Amino acid sequence: MAARNPLNRTLADGIRRVGFRKWYERELLSSHAHMALALISAVAMMASFEAYRGASVGEKLLNTAFVLVSAAIALWSMRRYLYLLMHAEEMANQANCPQCEAYGLLTLQDPQDRRESAQRLVPVCCKRCGFRWNLEDG
């Protein structure tokens, strides 16, 4: 799993503190903010290419550095966007209660077995019917 951003809570912590639906919403907002950063970086990269024409040697070196930095930021933010979006969607696909089919009405349960936490299983319980199951986070 990629390193976590301190602004993005883990699934278990998010369910515990704000609930599944708010966690999911925040993951989507964060992912789309990364997409906006990727677009801004791509525009900055194109502007640096445009400024390259007719520039002196020193300006061309500086524009080359801007292109490289903008490209690195764009690639990183696009990768982060895709990771956050796919992770949120993967968790959302598991958030329906298998018994009553309620979506996102989850409470976090304490793991009874340490092996479950090592496998990235997040034990949850349906608020509506009380059915217990594990979300596979990973």
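Since this is a predicted model, take the numbers as computed values, not measurements.
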side-chain hydrogen bond (donor to acceptor under 3.5 Å, both in side chains) against R17, all qualifying residues, sequence neighbours excluded: D13
Results of side-chain hydrogen bond (donor to acceptor under 3.5 Å, both in side chains) for E89 - residues two or more places apart only: Y24
Contact summary for L11 and V122, nearest pair of heavy atoms: CD2-CG2, 4.0 Å
Any residue meeting side-chain contact (heavy atoms from CB on, under 4.5 Å) with Q94, in chain and number order, not counting sequence neighbours: E90, M91, L135, E136
All side-chain contact (heavy atoms from CB on, under 4.5 Å) counterparts of R128, not counting sequence neighbours: C100, A102, L105, C126
Partner set under side-chain contact (heavy atoms from CB on, under 4.5 Å) for A38, not counting sequence neighbours: S77, M78
D137 side chain to L121 backbone, donor-acceptor under 3.5 Å: no
Qualifying residues under side-chain hydrogen bond (donor to acceptor under 3.5 Å, both in side chains), relative to T64, sequence neighbours excluded: none
Under the ring pair (Phe, Tyr, Trp, His ring centres under 6.0 Å) test, residues paired with Y81 that sit two or more places apart: H32
All pairs passing salt bridge (charged side-chain N to carboxylate O under 4.0 Å, His left out) where residues 31-47 contributes a residue, at least two apart: none
Residues forming a salt bridge (charged side-chain N to carboxylate O under 4.0 Å, His left out) with E50, sequence neighbours excluded: R53
Shared-cluster residues of L39, by chain and number - hydrophobic side chains joined below 4.5 Å: none
Members sharing F66's hydrophobic cluster (side chains within less than 4.5 Å): L62
Salt bridge (charged side-chain N to carboxylate O under 4.0 Å, His left out) partners of residues 61-78, not counting sequence neighbours, each pair once: none
